[in-house]
Amino acid sequence: MDELPKTPQSIRQPSAIEANTSQQHTCDDLASQLKEWQALSPWSIITYVFGALKGILSNGFAIIPIVYTGWKQGFDGQWLVLMISVIVLLVCLSAVIEWHKFRFRLLGEQLDVKRGLFFTKKDEIPLSRIQNIRYEQPFYFKPLALGTLVIETAGSKKDEAKLAALNTEQAQTLKRLLLNLTHLEQSASQTSSEPQPDDQSQSSSPVVRKSLSELLLFGFYQNNFIWFAVIAGPIIGRIDMEKVFDSAIARQFWLWVESQTHQNIGLQSLFFILGLLFLYGLFSLISIISAVLKYYPYKLDRHTDTLQRSGGVISHQQDALAIKRIQLIHAQQPLIARLFKRWTLYFKQVKGQEVEQKTKQHMLIPSVKLGEIVSILTAMPNLSGGASALPRKYTPIHINWFTRRIMLPLAVAVLLSVIGGFDGRSLSFFETTWLTTTAVVGVIYIRYKHWGYVLEDKVIWLHSGFLGRQWKRVAFDKVQHVKITQTKGQQRANLAYVEVGLASGSLVFPYIPIDIANQIISRSLHAVSRNSQNWI
């Protein structure tokens, strides 16, 4: 009988135990090296340069109208070139000095970072304080297979440290060391007496994936007009709109609309609405492109007790967040998103931690269907308060909140009417006054109707919104303080303002019954007394 040929040692596939052992040796070798002060690669100078230029450009949007005005009045281009050259030279010089002064080491359970241009600044970061670790791979590092680790700590308003120009293997190994994932994965693998070949994959499980179409939809409904108005407002203000409307193109377009609608007001209104939607779509292009470039392909996985998000076309990012450190879950549904029945889910951590760069938003899941929320939360077994669906109904706040807030606009309207009567104002004055007052009262009423709460055993929900909707979920074992405030009128009606303080900020429940406020206090104290873990 012929013998089977032996598999050459050079191409034999390593077993799961050998892979884990090799990974452990890599971590141990890197940990021993990091006990001494380490310098970053010279390639990190690129990061400093791009970071400084990005900060200048992002904070310089306000000078766009000034530059435009100067250009229209005749701006000397030589001075502009000289100014830009000086700025770039200073930024490059500063980046070289910053790289030369930067040192870091991992000593015991602490990460030390030393940096500074003229004065040396040393940060001692305990590993227990690390909130998230974000891995970024900008477009200029992709050909070099390099990346940046962004380390964020609890309570810090800025990134605590950035370790730039690390190779991929070194960055991932250091990430495991900082998050203490190595010993967690070891303990998980040792629970089985006979490890299986896929033990490594069992430590990671997918939570959610988002397709390209869902990200396009997210960018469409998450559009924001504010920055466009800030930049374009002064420029549009200098345009003579009468000349625009009197132009041949505008007249031909209006004649075409009249021919298509046959001067029907209803059809003309429909054309106007479609035109607004078209303009909204054009303005949304920036938001849509940004969503795709930043998040595609969107992947959210759970590694033991840590959430890890990855994605990004040009600049690849990997964010890590310990599940136990989620302070609040925020489900938001803007007006346009209500038409598509989609939500945006935010996981808020300790206040000041901004996974999504320099915005006020934390780690998010875009374009979420209502039925997906339960499955997403179920995939996080260590989540405070457990998994639960968005409530279908809520208990509204007391109507006294509404009646007290409409008193001021009504009083102003009555006062203007009395003054207008003595002055002999025309009927249009009174119509405008009361029409404006009615609109203000209507806005206050809509705001009141959307404000409510749902009290459950382990969590409390706060519902709010105006045209859009949002739910905020607070687990009682994350509550740091409860503050109850009562006016004399609220005392007579047994109502109160309740402020629930979390590590991620405070939530206010206005005009709720005093017995509900006392239940929030008692359940929070009960949850905290039964939980011996760190509240962060």
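Checked against the 6.0 Å centroid threshold, Phe402 and Tyr445 count as a close aromatic pair. Taking the six-membered ring for Trp and the full ring otherwise, the centers of Tyr511 and Tyr497 sit less than 6.0 Å from each other.
For the residue pair Arg405/Tyr448, the side-chain donor-acceptor check at 3.5 Å is not satisfied. Side-chain contact check for Gln318 and Gln172: at least one donor-acceptor pair (N or O, by modelled atom type) lies under 3.5 Å. Between the side chains of His463 and Gln470, no donor-acceptor pair is found at a separation under 3.5 Å. Donor-acceptor pairing under 3.5 Å is lacking for the side chains of Trp343 and Ser367.
Across Tyr453 and Pro396, no two heavy atoms sit closer than the pair CE2-O, 4.2 Å. For Gln332 against Tyr346, the heavy-atom pair with the smallest separation is OE1-OH, 3.3 Å. Taking each heavy atom of Thr436 and Thr432 in turn, the nearest pair found is OG1-O, 2.8 Å. Closest approach of Ser384 to Lys478, counting heavy atoms only: OG-CE, 3.1 Å. Nearest approach of Ile460 to Phe509, heavy atoms of both residues: CD1-CE2, 3.8 Å. Here the closest non-hydrogen pair linking Leu127 and Leu111 is CD2-N, 4.4 Å.
Inter-residue side-chain proximity for Val508 and Leu462 is flagged as unmet; no heavy-atom pair is nearer than 4.5 Å. A 4.5 Å side-chain heavy-atom check between Phe220 and Leu216 finds every atom pair outside the cut-off. Thr47 has its side chain within reach of Thr148: a pair of non-hydrogen atoms, C-beta onward, lies under 4.5 Å apart. The shortest distance between side-chain heavy atoms of Leu328 and Leu507 falls below 4.5 Å. Side-chain atoms of Leu455 and Arg523, non-hydrogen and from C-beta on, do get closer than 4.5 Å to each other. At least one side-chain heavy atom of Leu300 sits less than 4.5 Å from a side-chain heavy atom of Met363. For the pair Tyr298/Val208, a side-chain contact is recorded, criterion being any heavy-atom separation below 4.5 Å from C-beta on. Annotation: side chain of Ile514 is in contact with side chain of Gln486 (closest heavy-atom distance under 4.5 Å).
The CD1 atom of Ile484 sits 11.0 Å away from atom CD of Gln490, with the distance rounded to the nearest 0.5 Å. To the nearest 0.5 Å, the span separating CG on Leu321 from CD on Gln308 amounts to 10.0 Å. Rounding to the nearest 0.5 Å gives a distance of 8.5 Å between NE2 of His450 and CZ of Phe466. One distance of note links OG1 of Thr438 with CD of Glu431; it measures 11.5 Å at 0.5 Å rounding. Rounding to the nearest 0.5 angstrom, the gap separating the NZ atom in Lys369 from the CD1 atom in Ile376 is 11.5 Å. In this structure, CH2 on Trp434 lies 5.0 Å from OG on Ser417, to the nearest 0.5 angstrom.
Looking at Asp301 and Arg209, a side-chain N of the basic residue comes within less than 4.0 Å of a carboxylate O on the acidic one, giving a salt bridge. Salt bridge present: Arg134 and Glu136 bring a charged side-chain N and a carboxylate O closer than 4.0 Å. A salt bridge links Arg115 with Asp123: at least one charged nitrogen is closer than 4.0 Å to a carboxylate oxygen.
A side-chain donor-acceptor contact under 3.5 Å links Arg302 to the backbone of Ala379. Using modelled atom types, one side-chain atom of Arg338 and one backbone atom of Leu467 make a donor-acceptor pair closer than 3.5 Å. Here the side chain of Gln519 pairs no donor or acceptor atom with the backbone of Ile516 at under 3.5 angstrom. Judged purely by atom type and a 3.5 angstrom limit, Gln222 has no side-chain atom pairing as donor or acceptor with the backbone of Gly219. The backbone N or O of Ile520 lies less than 3.5 Å from a partner atom in the side chain of Ser524, making a donor-acceptor pair. No donor-acceptor pair closer than 3.5 Å links the side chain of Gln333 to the backbone N or O of Ala331.
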Begin with the C-alpha distance, continue with both residues' side-chain angles, and end with the deciding distance and a verdict on ring pair (Phe, Tyr, Trp, His ring centres under 6.0 Å) for Tyr221 and Phe340. CA-CA 9 Å; Tyr221 73 71; Phe340 298 99; 7.4 Å; no
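For Ala387, the side-chain contact (heavy atoms from CB on, under 4.5 Å) criterion is met by Leu377, Thr378, not counting sequence neighbours. Here Glu499 pairs with nothing under the salt bridge (Lys or Arg N to Asp or Glu O under 4.0 Å) rule; sequence neighbours left out. Every residue two or more places apart in sequence or in another chain that forms a salt bridge (Lys or Arg N to Asp or Glu O under 4.0 Å) with Arg342 is listed here: Glu214.
Around CZ of Arg404, the count of heavy atoms belonging to other residues, nucleotides or ligands within 6.0 Å does not exceed 12.
By the 6.0 Å and 45° rule, Arg447 stacks over the aromatic ring of Trp451.
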